[in-house]
Amino acid sequence: MALGDQIRSFIKKQFIDVIQWTDQEEGVLVYRYPMQDMEIQNGAKLTVRESQAAMFVNEGRCADIFGPGLYTLNTQTLPVLTNLMNWDKLFQSPFKSDVYFFSTRQQIAQRWGTAQPVTIRDKDFGAVRLRGYGVYSWHIENPRLFLTKVSGFGERYTLPQVEPQLRQIIISHISDAFAESGVPFLDMAANYLEVGERIRASVTPVFAELGIALDQFAVENLSLPEELQKFLDTRVGMNMIGNMQQYTQFQAAQSLPIAAANEGGGGLAGLGVGLGAGVGLGQVFAQSLNPQAQQPPPQAPPPAAPQPPAGTPPAAPPAAGAAAGAVAGAAAAGAALKFCMECGQQIPRAARFCPECGKPQA
């Protein structure tokens with residue numbers, strides 16, 4: 001290069017006296033200070049604000065890292081960079097280096113959730129599919145690891161670029177956290193705080209390998225898929241009912257005001273049907289729960305006919321007319337009875353409802 005070109009190139013260069021990042025754009029995690037056609041002046045000032053960190057990078061190698069404060073750049077404040085560049089003039093001339101700023105403030109209210117159910121093994125229900133969602137917060141703790149493993153050496157790196165990766169890490173460790181805890185699903189739903197701590201303990205080491213500190217982790221909801229949730233609700237409802245006969249009687253008593261308020265007089269008739277059916281249903285459930293109740297009670301043997309005294313002649317056979325009267329009486333008694341269409345019990349022919357099961361009769 002001719003001497004004139006060297007002079008023009010030197011004049012064209014700009015020397016940096018103050019290096020800082022105002023951090024005005026929301027969601028930016030890593031920002032590379034613009035260094036095109038610019039060199040850092042010896043004795044320049046570096047300003048690092050609160051919730052920031054600054055790193056000097058020379059030819060792709062991470063050098064010195066600075067926390068919040070005001071620094072004068074020289075060989076005393078840049079020992080690693082001085083050693084990497086092997087300067088003989090001890091910063092007597094400007095130098096070229098990339099400067100990266102990191103936002104170390106806490107990234108709060110970040111959402112996580114299971115896009116698809118996660119299969120876990122539960123003590124009560126066996127293998128079940130579980131859904132969940134919640135919030136978490138984190139911050140950059142190790143800029144060197146974050147730059148080399150996550151963001152790379154681009155001009156900027158933003159929050160939307162890293163969030164999908166962090167959420168995937170959380171979801172992949174939820175199943176392991178549940179399996180190691182051994183807590184049944186019903187207990188998990190009642191102890192979100194404890195479940196969140198278990199998941200956080202499982203995810204924290206993985207975040208640390210990326211230079212990230214997991215500050216908080218909260219579970220807002222854990223649920224089963226719709227079809228399994230209906231089964232769980234049915235099971236819980238059966239446990240709450242307890243005594244089926246008492247529950248049936250309670251429902252019949254609850255229907256009294258409703259039936260009495262019906263217009264047209266049909267309410268009381270319908271009430272009679274409902275009460276009869278309720279009583280019959282209660283008896284069926286009671287018998288099914290009590291095996292002894294299903295067995296008919298033992299019947300007493302018929303009384304023995306009195307024996308005539310010794311020496312008494314045998315009685316004469318009944319007259320034909322008396323026998324015919326007995327047969328007619330039995331036929332008349334049978335004509336006054338009928339069988340229930342529901343339970344098969346004999347009931348009076350004029351009865352409108354079966355006294356045994358409460359079924360309406362034709």
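Reckoned from all heavy atoms, side chains included, excluding hydrogens, waters and symmetry mates.
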Heavy-atom check, side chain of W138 versus side chain of V162, under 4.5 Å: yes
Picking from E141, E50, E26, what satisfies salt bridge (charged side-chain N to carboxylate O under 4.0 Å, His left out) with R105? E26
Taking C-beta and beyond as the side chain, do I19 and L73 meet within less than 4.5 Å on heavy atoms? yes
Identify, with sequence neighbours excluded, every residue that meets side chain to side chain contact (heavy atoms under 4.5 Å, CB included) alongside E197. R200
Ignoring hydrogens and angles, state whether a donor on the side chain of Q20 or R49 is under 3.5 Å from an acceptor on the partner side chain. yes
So F207 and Y136, would you call those rings parallel, tilted or perpendicular, with 30° and 60° as cut-offs? perpendicular
Contact between S97 and L81 at the side-chain level, heavy atoms closer than 4.5 Å - yes or no? yes
Should the heavy atoms of other residues, nucleotides or ligands under 6.0 Å from CD1 of I108 be counted, would the total exceed 12? no
Is the closest side-chain heavy-atom distance between V28 and S103 below 4.5 Å? no
Taking the side chain as every heavy atom from C-beta outward, state whether I140 and V150 have any atom pair closer than 4.5 Å. no
Are I174 and W112 close enough that some pair of their side-chain heavy atoms sits under 4.5 Å apart? yes
Within-4.5 Å side-chain heavy-atom neighbours: E220 and R111: yes
Once ring-ring contact (aromatic ring centres under 6.0 Å, His included) is applied, do any residues pair with F66, and if so which ones, sequence neighbours excluded? F56, Y71
Can you label the angle between the Y100 ring and the F153 ring as parallel, tilted or perpendicular, going by 30° and 60°? perpendicular
Do you know which of I199, L214, I212 makes side-chain contact (heavy atoms from CB on, under 4.5 Å) with T204? L214
Is there a path of hydrophobic side-chain contacts, each under 4.5 Å between heavy atoms of I/L/V/M/F/W/Y residues, joining L159 to L210? yes
